[in-house]
Amino acid sequence: MGMTMIERILARKAGLAQVSAGQTVVCEVDMTVMIDLQFATAWTPPLRINDPDKVAVVMDHAVPAPSVHDAAGGTRARAFARDFGIARFYDVGRHGICHQVIAENGLARPGEILACTDSHTCAAGAYNTAARGLGPAEIYSILCTGSTWFQVAPTVRYEFTGTRPAAVSGKDVFLHIAGVYGDATNQNLEYGGPGLASIPMSDRRTIATQGAEISADFSTFPADELCRDFIERHSPGGAPFTAADPDPDAVYAAVRTVDLDTLVPQVARPGTVSRNSFPVTEIERRKVDQCFIGSCANGQLEDLAVAAAIVRGRTVAPGVRLLVTPASQQVYRDALRAGYLQDLADAGAVVTNSTCGACFGYHMGLLAPGEVCLTSSTRNFTGRMGSPDAEIYMASPATVAASALTGYVTDPRTELN
Amino acid sequence: MDTLLTGRVWVVGDSVTTDAMYPAFAMKLPVPEAARHIFYELRPGWTEQVGPGDIVVAGRNFGLGSSRPVAALFRELGVAALVAEEFNSLFLRNAINHGLPALTVPGATAAFADGDTARLDFAEGWIENTATGTRLPGGALPPMVLEILAAGGILPKLAREGYIAPPTTGPHRS
Ligand code: SF4
């Protein structure tokens, strides 16, 4: 019986010839990534760890520290990195949202397993990595022992056909899938097909990241030429890897075809993306108070480039706040050099430091009761970005940028020049 | 390990997210205080009513969302087990890792109302409404998972294996 992409990786790392859905397996983990929040609440250093070379620590969710509580977490993270010889320590200054840092530094490799204390770790599936978020206690356990267990879930495969239209981004592709097919609870997602070549790596990462919003376990892409180029650029001369391709006779819970040619920009209405995302043309003319471009899903350089192109030489509508958060310090510097941040700030955007911040309503850009936000971040749950009485719509960076100019939810195709 | 539990039931609906159970503002608080904000929007005042040994019964896709250790908050309130028609897998793992039994039982929310008494066995995989006699089968937990529960969670297990200094004052109270 053939295996899906994810089954192949899990089998390899469990030392088994074959695994299939329903099985519980113990796997070696190739890279474990810890985030700042893990150190903020009652952290106790372990007595010994498995392997410091298989660990990274990323300061991302609350940096620079917005509270003494978080600052003390930073102290503990630094001590841990020093005492245990963690070379891959991304402290404030070389920091960024962990999933961006993982991508930029080649921590996610095809055919390998990556674990991280954040639920959007499935992002690294864009690089053919079996990556998923695990709770802080479990990450601690992997740090110590080097392995963990997985229950192999059934896989749903999405086959892309056609070519992605210019105004359609990875966000739109994902929202289309979430809107039409709904939740994938306790399922793995696998992407492929001839249309994939028209979906750049940045968009693949958006799609992989947001698997979390439909409750999927893993979301994985194949290591095609684009992917291999990306890996080579971000870890030149890195050790060779063995990518995981699905078998032709792999068993899927479902195989669904997405015709990219027919897609248009999408918007999710407040609360959830699942069966709640629609073509922008069907969305009510909604006045927005805050527009947010950022997060691990859509704070990439490519996202900032699109937003800058839309707002260049224009002005954010009166009464609208446009917040832009680059996904990492590296993205910040690249976007600065490319002039994107200048364009955004000139148009009236507030460009912030790279952090999770507004995305999870923790330490900046919170929403007041009764406000409406249009976000390109990951979650539109009630209360996610501040008041539970605020409404959060979700769309691509292009749609968010276009809407910031007009003051209401706007089809970016009307603002693209 | 005793895998049979009896407790008072609280029923919640479908797709309850981790943001609804462990809101961002509560992440700045110590665990005992943070625990007072579970369901802060969904069921204001619930944390005053829930007591040790109680069982939470939820609908589909329970625990969708982030990796924040919600299970630690439920343990803090004395909740003895979580039952759901369907769990988000990350949330299920977090419960197990914090020593909180989590049983998947299709149809569970229809069989219970707030205040009912439930009996369940998470090794055998069933739950029963003691008043109505309705008994529903659930997904029994695999032996590997029962081992973690028997140890009281993953951190006590690591302490026993010599990775953390005993007594367990691990990174997160369990
Ligand atoms: S940017 Fe948002 S979704 Fe991404 S890791 Fe940070 S808080 Fe989570």
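Predicted model only: the values in this text are computed from it and were never measured. Just so we're on the same page: letters track the sequence lines, and every chain starts at 1.
- Between R68(B) and L37(A) the shortest side-chain heavy-atom distance does not fall below 4.5 Å.
- Residues L64(B) and F381(A) form a side-chain contact, since some pair of their non-hydrogen atoms from C-beta on lies under 4.5 Å apart.
- Under the 3.5 Å distance criterion, with hydrogens and angles disregarded, a donor-acceptor pair is assigned to the side chains of N88(B) and S215(A).
- In terms of heavy atoms, G135(A) sits closest to L90(B) at N-CD1, 3.7 Å.
- Contact check for R132(A) versus S89(B): side-chain heavy atoms found under the 4.5 Å cut-off.
- In terms of heavy-atom proximity, A24(B) sits nearest to F360(A) at CB-O, 3.2 Å.
- Taking each heavy atom of W149(A) and M144(B) in turn, the nearest pair found is CB-SD, 3.4 Å.
- Y163(B) OH to I49(A) CD1: the interatomic distance, rounded to the nearest 0.5 Å, is 11.0 Å.
- For R269(A), the CZ atom is densely surrounded, since the number of other residues' heavy atoms within 6.0 Å is greater than 12.
- You'll find the side chain of R384(A) stays beyond 4.5 Å of the side chain of P23(B), heavy atoms only.
- Contacts of L29(B) with chain A are absent, with no heavy-atom separation under 4.5 Å from either backbone or side chain.
- When N94(B), I154(B), L158(B) are compared by the number of non-hydrogen pairs under 4.5 Å with chain A, L158(B) comes out ahead.
- In this structure, E128(B) places its CD atom where more than 12 heavy-atom neighbours from other residues, nucleotides or ligands lie under 6.0 Å away.
- S67(B) places no side-chain N or O within 3.5 Å of a backbone atom of G133(A) that could act as its donor or acceptor partner.
- The salt bridge (Lys or Arg N to Asp or Glu O under 4.0 Å) analysis of residues 34-43 of chain B, with sequence neighbours excluded, yields the pairs R43(B)-D114(B).
- Of all non-hydrogen atoms in S66(B) and S119(A), the two that sit nearest each other are CA-OG, 3.2 Å.
- Closest heavy-atom contact between E86(B) and N186(A): CG-ND2, 4.1 Å.
- Contact of R379(A) with chain B is made through the side chain alone, with heavy-atom distances under 4.5 Å.
- With a 4.5 angstrom heavy-atom cutoff, V145(B) touches chain A only via side-chain atoms.
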Verdict with reasoning, M27(B) to T41(A), per side chain to side chain contact (heavy atoms under 4.5 Å, CB included) | CA-CA 9 Å; M27(B) 295 174 72; T41(A) 308; over 6 Å; no
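- When every heavy atom of A137(A) is checked against every heavy atom of H98(B), the shortest pair comes out as CB-NE2, 3.9 Å.
- In terms of non-hydrogen atom pairs under 4.5 Å with chain B, the most contact-rich of T145(A), T382(A), D70(A) is T145(A).
- A distance of 8.0 Å separates OG in S141(A) from CG in L155(B), rounded to the nearest 0.5 Å.
- One distance of note links CD of E213(A) with OG1 of T17(B); it measures 11.0 Å at 0.5 Å rounding.
- Counting heavy atoms from C-beta outward, E161(B) and C144(A) have side chains that stay 4.5 Å or more apart.
- Annotation: the span from D183(A) atom CG to S15(B) atom OG amounts to 5.5 Å, rounded to 0.5 Å.
- Of the atoms belonging to F91(B), not a single heavy atom falls under 4.5 Å from chain A.
- Atoms CZ and CD1, from R48(A) and I164(B) in turn, are 11.0 Å apart once rounded to the nearest 0.5 Å.
- Within the 4.5 angstrom heavy-atom criterion, no atom of T272(A) approaches chain B.
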